[in-house]
There are 2 protein chains.
Amino acid sequence: MDSVFKALSDPHRRKILTLLKKRDLSVTEIQKHFPFTGATLSHHLDTLKRANLVITERRGQFIFYSLNTSVFEDVLQSFYSLFSR
Amino acid sequence: MDSVFKALSDPHRRKILTLLKKRDLSVTEIQKHFPFTGATLSHHLDTLKRANLVITERRGQFIFYSLNTSVFEDVLQSFYSLFSR
DNA sequence: GAGATAATTAGATAACTATCTAAATACTAA
DNA sequence: TTAGTATTTAGATAGTTATCTAATTATCTC
């Protein structure tokens, strides 16, 4: 769960998750929302992927990223238990 | 909210919060659970305090740390909205 | 297959974070 | 008011992270 909290600690990565809430997006589409290079974006996406927060699927020329909803229940649970007495 | 996610990204700081769930603790008491120096602990506590996750109160010689429960609702909300579609 | 587009990886660097020792501050108690 | 305990702050350093440019890999289209 450490990788999850680490992944969420960066505002750019949280913004990526917010973008993916609306719909799956290719890297190029995500890129449009950020000022940094594709290489940097690729690293952020890798961090999210290693934390199991997103999943990828190649569709032809593009790689689409989407939220890995199956782990969010776990994440929320873990987060909640941090705070509830 | 950025400071909150940053504060939660460190496992030591999350452990501190977990300890404080049980009861308020002085710095010395918290210190017993960690291998690093008091100076380092002090920095971690400062990070939690700046994120508004804990509050402090001096009781004589000691400074007691406790969870700032009033902000946890906000934090949970913010966290939840990251994931819910 | 060659050229174009999409995405990742390699290698470098600057900024940030965690940690330490030492010094400073705040309070207690004798 | 001095000695002792609790905590923070100052200053330094090593490790980590975010970022860049350049090179590489993968796929598409002609």
Side-chain angles (χ1 to χ4, degrees), chain A residues 1-20 22-68 75 79 82, chain B residues 1-20 22-68 75 79 82:
Chain A
M1 195 54 61
D2 197 49
S3 62
V4 171
F5 282 101
K6 274 282 194 305
L8 294 175
S9 71
D10 182 89
H12 292 141
R13 289 192 291 263
R14 292 200 301 278
K15 182 174 173 184
I16 291 171
L17 294 178
T18 301
L19 291 171
L20 293 178
K22 303 199 186 79
R23 62 182 182 85
D24 301 357
L25 294 170
S26 70
V27 176
T28 310
E29 288 172 318
I30 297 171
Q31 177 74 73
K32 288 176 189 146
H33 295 84
F34 296 99
F36 42 68
T37 68
T40 296
L41 175 56
S42 194
H43 286 306
H44 283 308
L45 291 172
D46 184 58
T47 301
L48 291 170
K49 199 171 175 181
R50 285 171 185 278
N52 215 26
L53 290 168
V54 298
I55 53 181
T56 60
E57 179 196 0
R58 180 177 277 277
R59 296 182 202 162
Q61 219 167 344
F62 302 92
I63 293 178
F64 276 80
Y65 279 75
S66 52
L67 292 183
N68 184 9
V75 174
F79 195 84
L82 252 188
Chain B
M1 196 54 61
D2 198 50
S3 62
V4 171
F5 282 100
K6 275 282 195 302
L8 294 175
S9 70
D10 182 271
H12 291 140
R13 289 192 292 264
R14 292 199 303 278
K15 182 173 173 185
I16 292 171
L17 293 178
T18 301
L19 292 171
L20 294 178
K22 303 199 186 77
R23 62 182 181 86
D24 301 355
L25 295 169
S26 70
V27 177
T28 311
E29 288 171 319
I30 297 170
Q31 177 74 74
K32 288 175 190 147
H33 296 85
F34 295 98
F36 42 67
T37 67
T40 296
L41 176 56
S42 194
H43 287 305
H44 283 309
L45 292 173
D46 184 57
T47 300
L48 291 170
K49 199 171 175 181
R50 285 171 185 278
N52 216 24
L53 290 168
V54 299
I55 53 182
T56 59
E57 181 196 359
R58 180 175 279 278
R59 296 183 202 161
Q61 220 167 342
F62 302 92
I63 293 179
F64 275 80
Y65 279 75
S66 52
L67 293 183
N68 183 9
V75 174
F79 195 83
L82 252 189

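Since the model is a prediction, treat every value here as computed from it, not as a measurement. Note on naming: letters A, B, ... go to the chains in the order of the sequence lines (proteins, then strands), and numbering restarts at 1 for each one.
A close approach under 4.0 Å does occur between a side-chain nitrogen or oxygen of A/Y65 and OP1 or OP2 of C/dT8. A sub-4.0 Å separation between OP1 or OP2 of C/dC27 and a side-chain N or O of B/R58 is present.
Here A/F36 pairs with A/H12, A/F34, A/H44 under the ring pair (Phe, Tyr, Trp, His ring centres under 6.0 Å) rule; sequence neighbours left out.
The two residues A/S9 and B/F5 make their nearest non-hydrogen contact at CB-O, 3.9 Å. Taking both residues in full, the closest heavy atoms of B/T37 and B/Q31 are given as C-OE1, 3.6 Å, listed atom of the first, atom of the second, then distance. Nearest heavy atom pair, residue A/L48 against residue A/A7, reads CD2-CB, 4.2 Å.
Per the geometry, CG belonging to B/D2 stands 13 Å off P belonging to C/dC16, to the nearest Å. The CG atom of B/L41 sits 10 Å away from the C1' atom of D/dT7 (whole-angstrom rounding). One interatomic measurement links the two molecules: CZ of A/F64 to P of C/dT8, which rounds to 13 Å at whole-angstrom precision. Computed from coordinates, the A/I63 CD1 to D/dA26 C1' distance equals 8 Å when rounded to whole Å.
Taken over five-pair windows at either terminus, the axes of the helix from C/dG1-D/dC30 to C/dA30-D/dT1 are inclined to one another by 20° (rounded to 10 degrees).
When side chains are defined from C-beta on, B/L8 does not count as touching B/F79, because their heavy atoms never get closer than 4.5 Å. Using a 4.5 Å cut-off on side-chain heavy atoms (C-beta onward), A/K6 and A/T47 make no contact. A 4.5 Å side-chain heavy-atom check between B/N52 and B/V4 finds every atom pair outside the cut-off. Side chains of A/V54 and A/I16 form no contact here, defined as non-hydrogen atoms less than 4.5 Å apart. Side-chain atoms of B/L17 and B/R13, non-hydrogen and from C-beta on, never get closer than 4.5 Å to each other. Counting only heavy atoms from C-beta outward, the side chains of B/S66 and B/I55 approach each other to under 4.5 Å.
Among residues at least two apart or in separate chains, salt bridge (Lys or Arg N to Asp or Glu O under 4.0 Å) pairs with a member in residues 28-45 of chain B are B/R23-B/E29.
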Please produce a list of atom pairs where a protein N or O lies less than 3.5 Å from an N or O of nucleotides 28-30 of chain C.
none

* Structure fact -> Counting primed atoms, P, OP1 and OP2 as sugar-phosphate and everything else as base, the B/S/- map of nucleotides 9-24 of chain D against protein heavy atoms under 4.0 Å is B-------SSBBB---

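Near DNA chain D, defined here as any heavy-atom distance below 4.0 Å, there are no residues from residues 25-34 of chain A.
We find the CG-CG distance between A/L53 and A/L45 to be 11.5 Å, quoted to the nearest 0.5 Å.
Judged purely by atom type and a 3.5 angstrom limit, A/R59 has no side-chain atom pairing as donor or acceptor with the backbone of A/S26.
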